[in-house]
2 protein chains.
Amino acid sequence: MLSKKTKYGLKALTYLALQSKREPVQISEIARHENIPQKFLESILLTLRKTGLLGSKKGKGGGYYLIKEPNEIPMTTVIRVLEGPIAMVPCVSLNFYEKCDDCPDENKCAVHKLMLQVRDSALEVYRKNTLADLISE
Amino acid sequence: MLSKKTKYGLKALTYLALQSKREPVQISEIARHENIPQKFLESILLTLRKTGLLGSKKGKGGGYYLIKEPNEIPMTTVIRVLEGPIAMVPCVSLNFYEKCDDCPDENKCAVHKLMLQVRDSALEVYRKNTLADLISE
DNA sequence: CTTTTACCCTATCGATTTTATAGAGTTAAC
DNA sequence: GTTAACTCTATAAAATCGATAGGGTAAAAG
């Protein structure tokens, strides 16, 4: 199941991407328009800023804005930042690999074999979709 | 993340599929060979039996066995029984559809648009893999 | 230089889900 | 009728998730 964090984060990103100008948008405005609890959104935008996807400006007239163009933001990045590993089991993860304690041989493991395929297919989708693709009508 | 329930269930199914004869295998044997907590496995096998994937025999010489041939058991079925909906958000689920409260228009929702593709690609993988595919060397 | 605005950061809380265990009940074989 | 093995319910520990609280910090306005 997709976490609300990811869902809200994605919505916020699209809201920012749809702005005609790249000027700071307040958290409260995004929260209102996208029906997101403001405090929760605050923490999400903070992590998006820390990972370099968003910039922020403090004080009056401040807010968040996209640093890159929407077509330069692939979903692989967004999902990994917000949701974590794309793989459903650590033993097939590219960026967060971890061996299973219970599994003596990965190459004979049915779970491994299946989840490898699932990871690849998901990765393909996330790679070919940028933020720009998701806001295009 | 894939739940342990699904992981264990899949492993148990492959263990049963690899048996030369379709005779009852005891829970304890499966648990031992696959490094699964026995009591936990017990409940998993029970749900697999209730959904018609496994048969069971009580008393001495009892145990669990596959009802169908491995090539007749698609992963779509297994995953839905053990893990639940394949879709990552209810609004793109085929079997468990549910509207989002926060989303005024699904067709304009970026999350919806992305997760629809993810669902389709996962579905394709699960459909083309049967239990037989996962145990073939 | 003080007030206001708005982001920054940490802590915490309640609910839910997940994982696992306990133990009594039931059925079948011998 | 004793033993083996599945059945079923209850429960508890642990982890995760969603959300909130509240004070801190920086920038702009006047």
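A quick note: this is a predicted structure, and the numbers were derived from the prediction, not measured. Each chain gets a letter, A, B and so on, in the order the sequences are listed, and its residues count up from 1.
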Enquirer: In whole angstrom, what separates Leu41(B)'s CG from dT19(C)'s P?
Expert: 14 Å
Enquirer: Whole-Å distance between dT7(D) C1' and Leu54(B) CG?
Expert: 15 Å
Enquirer: Is the phosphate of dA19(D), meaning OP1 or OP2, less than 4.0 Å from a side-chain N or O of Tyr8(A)?
Expert: yes
Enquirer: Using a cut-off of 4.0 Å between protein heavy atoms and nucleotide atoms, how would you tag nucleotides 7-15 of chain C 5' to 3' with B, S and -?
Expert: SBB------
Enquirer: Without swapping roles, check the side chain of Lys7(B) against the backbone of Val89(A) for a donor-acceptor pair under 3.5 Å.
Expert: no
Enquirer: Please determine whether a side-chain nitrogen of the Lys or Arg among Glu42(B) and Lys39(B) lies less than 4.0 Å from a carboxylate oxygen of the Asp or Glu.
Expert: yes
Enquirer: Leu2(A) or Lys60(A): which one's nearest nucleotide on DNA chain D is closer to the 5' end?
Expert: Leu2(A)
Enquirer: Under the side-chain contact (heavy atoms from CB on, under 4.5 Å) rule, what do Val111(A) and Leu134(B) come out as? Steps first, then yes or no, please.
Expert: CA-CA 8 Å; Val111(A) 179; Leu134(B) 297 183; over 6 Å; no
Enquirer: Starting at NZ of Lys5(B) and ending at P of dT21(C), how long is that distance when rounded to a whole Å?
Expert: 16 Å
Enquirer: Could you tell me the separation between the CG atom of Asn35(B) and the P atom of dA20(C), rounded to a whole number of Å?
Expert: 12 Å
Enquirer: Would you confirm whether Arg119(A), through its side chain, and Ser93(A), through its main-chain N or O, come within 3.5 Å as a donor-acceptor pair?
Expert: no
Enquirer: Compare every heavy atom of Gly61(A) with every heavy atom of Pro24(A), then report the nearest pair and how far apart it is.
Expert: CB-O, 3.7 Å
Enquirer: Just how far, in rounded Å, is C1' of dC8(D) from CG of Leu48(B)?
Expert: 16 Å
Enquirer: Distance check needed: dT19(C) C1' versus Leu82(B) CG, whole Å only.
Expert: 15 Å
Enquirer: To the nearest Å, how far apart are Glu29(A) CD and dT5(C) C1'?
Expert: 15 Å
Enquirer: Under a 4.0 Å threshold between the charged nitrogen and the carboxylate oxygen, would Lys11(A) count as salt-bridged to Asp102(B)?
Expert: yes
Enquirer: Whole Å only: how far is the CE atom of Met1(B) from the C1' atom of dT19(C)?
Expert: 14 Å
